[in-house]
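Here the structure comes first, spelled out in structure tokens, and everything after it is commentary.
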2 protein chains.
Amino acid sequence: MDFQTLKNKITSGGLKFTHQRMVIYEVLCSSEDHPTAEMVFSRVKEANPGLSKGTVYKTLDSFVHANMVQKFTDDLGLMRFDPVLESHSHLYCSKSKKIRDYKNTGLEKMLKKYFEENQIDGFEVEEVSLVIKGKTK
Amino acid sequence: MDFQTLKNKITSGGLKFTHQRMVIYEVLCSSEDHPTAEMVFSRVKEANPGLSKGTVYKTLDSFVHANMVQKFTDDLGLMRFDPVLESHSHLYCSKSKKIRDYKNTGLEKMLKKYFEENQIDGFEVEEVSLVIKGKTK
DNA sequence: CTGTTTGCAAACCATTTGCATTGGA
DNA sequence: TCCAATGCAAATGGTTTGCAAACAG
């Protein structure tokens with residue numbers, strides 16, 4: 001992602017463009033493992049020793065509020081960040097503890113249709129996602 | 001649940017029977033809202049002022065290891081406990097922040113069948129559950 | 001200029017741990 | 001009796017908060 005695209009991503013979310021936000025967003029986008037704030041911090045500080053941990057937490061939070069990233073909790077209760085916005089599910093590997101994206105439009109359509117045809121008593125469904133646990137082969 | 005049933009539940013899990021374990025398990029079974037350890041503690045201590053918070057944490061953990069309760073994380077990263085063992089999904093209400101059980105054997109069969117017919121590349125599925133977010137009507 | 005963002009450190013809070021005491025089998 | 005469970009307090013660790021200094025618009 002080039003400098004201008006990056007800058008646009010940040011400013012179009014209504015956020016001021018800063019060096020810290022740029023490098024944090026860059027790290028997030030090039031991470032495939034849904035890093036925690038701590039993981040983002042350690043990856044970012046290699047090239048940016050001055051950047052503080054508090055800024056990483058605050059920045060990730062700004063991104064969430066600006067709808068640039070999604071936040072979710074893993075099975076240990078840690079907050080994970082994902083720059084992929086479209087709804088999708090996650091694969092939890094019990095061996096490596098890694099979390100991978102699992103996108104499956106067909107399955108999502110099937111579930112959406114299912115909950116349109118089968119209302120849940122007293123509950124209005126807004127969003128459905130899958131937690132898929134297993135092992136990487 | 002009467003005293004004997006309760007006692008059996010605990011001892012058949014290989015755990016010693018104690019007053020603390022009894023009242024904690026009782027509270028869990030009569031709570032429909034998937035309480036956190038803190039919630040269990042505050043409910044238990046009303047009738048048992050002597051019971052300590054550490055014991056609640058340790059006891060809940062024993063129950064999980066003895067396969068008497070399930071543990072999962074909510075969307076805020078808090079640990080929740082559920083005395084219902086069969087696999088089932090959860091409804092997250094964005095208004096009340098309450099979590100309800102959602103059991104649907106038909107849907108589970110459908111998903112199981114789906115992942116038998118549609119293998120995920122490089123991943124062996126062991127368990128699938130749904131995170132259903134929405135609003136209580 | 002002015003309000004936002006950053007850095008740093010302290011505070012927070014759910015959870016875990018250590019250890020002496022108690023109690024179940 | 002003997003090991004496991006309890007109570008209490010201290011420690012842990014991820015996350016949040018407060019505030020002065022730096023900075024973007």
Side-chain angles (χ1 to χ4, degrees), chain A residues 3-4 6-25 27 34-45 47-66 68-69 71-81 97 99, chain B residues 3-4 6-25 27 34-45 47-66 68-69 71-81 97 99:
Chain A
F3 183 82
Q4 264 312 319
L6 219 42
K7 186 162 180 175
N8 284 342
K9 277 264 183 189
I10 291 170
T11 53
S12 63
L15 300 176
K16 284 189 181 175
F17 177 76
T18 67
H19 177 72
Q20 289 87 333
R21 285 177 175 169
M22 182 179 70
V23 294
I24 290 171
Y25 191 66
V27 160
H34 309 78
T36 62
E38 302 282 331
M39 288 158 81
V40 171
F41 175 61
S42 77
R43 285 169 203 181
V44 153
K45 77 160 175 235
N48 307 266
L51 209 154
S52 81
K53 190 178 285 193
T55 298
V56 172
Y57 278 93
K58 284 172 186 162
T59 300
L60 289 172
D61 227 52
S62 306
F63 287 169
V64 171
H65 285 114
M68 292 168 60
V69 314
K71 184 185 185 180
F72 64 97
T73 56
D74 65 16
D75 47 3
L76 277 78
L78 299 177
M79 290 301 184
R80 300 283 190 154
F81 297 88
K97 302 291 167 199
I99 302 167
Chain B
F3 183 80
Q4 265 313 318
L6 220 43
K7 186 163 179 176
N8 284 342
K9 277 266 184 188
I10 291 169
T11 53
S12 63
L15 300 176
K16 282 188 183 174
F17 177 76
T18 67
H19 177 72
Q20 289 87 335
R21 285 178 175 168
M22 182 179 71
V23 294
I24 290 171
Y25 191 66
V27 160
H34 309 78
T36 62
E38 302 282 333
M39 288 157 82
V40 171
F41 175 61
S42 77
R43 285 169 203 182
V44 152
K45 78 163 174 233
N48 307 266
L51 208 154
S52 81
K53 190 179 285 194
T55 298
V56 172
Y57 277 93
K58 284 172 187 164
T59 299
L60 290 172
D61 227 52
S62 306
F63 288 170
V64 171
H65 285 115
M68 293 168 58
V69 315
K71 184 184 185 180
F72 64 96
T73 57
D74 66 15
D75 48 3
L76 276 79
L78 298 178
M79 289 302 181
R80 300 284 190 153
F81 296 88
K97 301 293 169 197
I99 303 167

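Quick note: numbers below take in every heavy atom, side chains included, and nothing from hydrogens, waters or symmetry partners. In this text, all values refer to a predicted model and were calculated from it rather than measured experimentally. All chains are named by letter (A, B, ...) in the order of the sequence lines, taking the proteins before the strands, and each is independently numbered beginning at 1.
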I'd like a list of close polar pairs between nucleotides 22-25 of chain C and the protein, N/O only, cut-off under 3.5 Å.
residue	atom	partner	partner atom	Å
C:dG24	O3'	B:F17	O	3.4
C:dA25	OP1	B:F17	N	3.2

Please list, for nucleotides 18-22 of chain D, all pairs of protein and nucleotide N/O atoms separated by less than 3.5 Å.
residue	atom	partner	partner atom	Å
D:dG18	O6	A:K58	NZ	2.7

Do [X] and [Y] come within less than 4.5 Å of each other through their side chains, counting heavy atoms only?
X	Y	answer
A:M22	A:F17	yes
A:I10	A:K16	no
B:K45	B:K53	no
A:L60	A:V56	yes
B:H34	B:M39	no

Atom [atom1] of [X] and atom [atom2] of [N]: how far apart are they, to the nearest Å?
X	N	atom1	atom2	value
B:H65	D:dA5	NE2	C1'	16 Å
A:D61	D:dG14	CG	C1'	14 Å
A:L78	C:dA14	CG	C1'	12 Å
A:L76	D:dG13	CG	C1'	13 Å
A:M79	D:dG13	CE	C1'	14 Å
B:Y25	D:dA5	OH	P	17 Å
B:K45	D:dT6	NZ	P	18 Å
B:L60	D:dA5	CG	P	14 Å

Check your understanding: Which of the following nucleotides, D:dG7, C:dT6, C:dT15, is nearest to the side chain of A:Q20?
Key -> C:dT6
Exercise for review: Kindly point out which of C:dT16, C:dT6, D:dG7 is positioned nearest to the side chain of B:T55?
Suggested key: D:dG7
Practice item. Measure the angle between the two terminal helix axes of the helix from C:dC1-D:dG25 to C:dA25-D:dT1, five base pairs each, and quote it to 10°. Key: 40°
Check your understanding: Taking the nucleotide of DNA chain C with the closest heavy atom to each, which residue, A:R21 or A:P49, is nearer the 5' end?
Key -> A:R21
Review point. What residue pairs, at least two apart or across chains, pass side-chain hydrogen bond (donor to acceptor under 3.5 Å, both in side chains) with a residue in residues 72-81 of chain B?
Key: B:D74-B:R80
Practice item. Check salt bridge (charged side-chain N to carboxylate O under 4.0 Å, His left out) between A:K9 and all other residues, then give those that pass, not counting sequence neighbours. Key: none
Check your understanding: Would you say B:Y57 reaches C:dT15's phosphate, i.e. side-chain N/O to OP1/OP2 under 4.0 Å?
Key -> yes
Check your understanding: Atom CE of B:M79 and atom CG of B:D61: how far apart are they, to the nearest 0.5 Å?
Key -> 9.5 Å
Review point. Can you tell me how far CD1 of A:I24 sits from NZ of A:K58, rounded to the nearest 0.5 angstrom?
Key: 11.5 Å
**Study point:** Contacts of type ring-ring contact (aromatic ring centres under 6.0 Å, His included), residue A:F41, not counting sequence neighbours
**Key:** none
Review point. How is B:G77 classified with respect to the nucleic acid when contacts are heavy atoms under 4.0 Å: base, sugar-phosphate, or nothing?
Key: nothing
Review point. How is A:T59 classified with respect to the nucleic acid when contacts are heavy atoms under 4.0 Å: base, sugar-phosphate, or nothing?
Key: sugar-phosphate
Review point. Yes or no on side-chain hydrogen bond (donor to acceptor under 3.5 Å, both in side chains) for A:Y25 and A:Q20, after CA distance, side-chain angles and deciding distance?
Key: CA-CA 9 Å; A:Y25 191 66; A:Q20 289 87 333; over 6 Å; no
Practice item. Apply side-chain hydrogen bond (donor to acceptor under 3.5 Å, both in side chains) to the pair B:S62 and B:T59, showing each step before the final yes or no. Key: CA-CA 5 Å; B:S62 306; B:T59 299; 5.6 Å; no
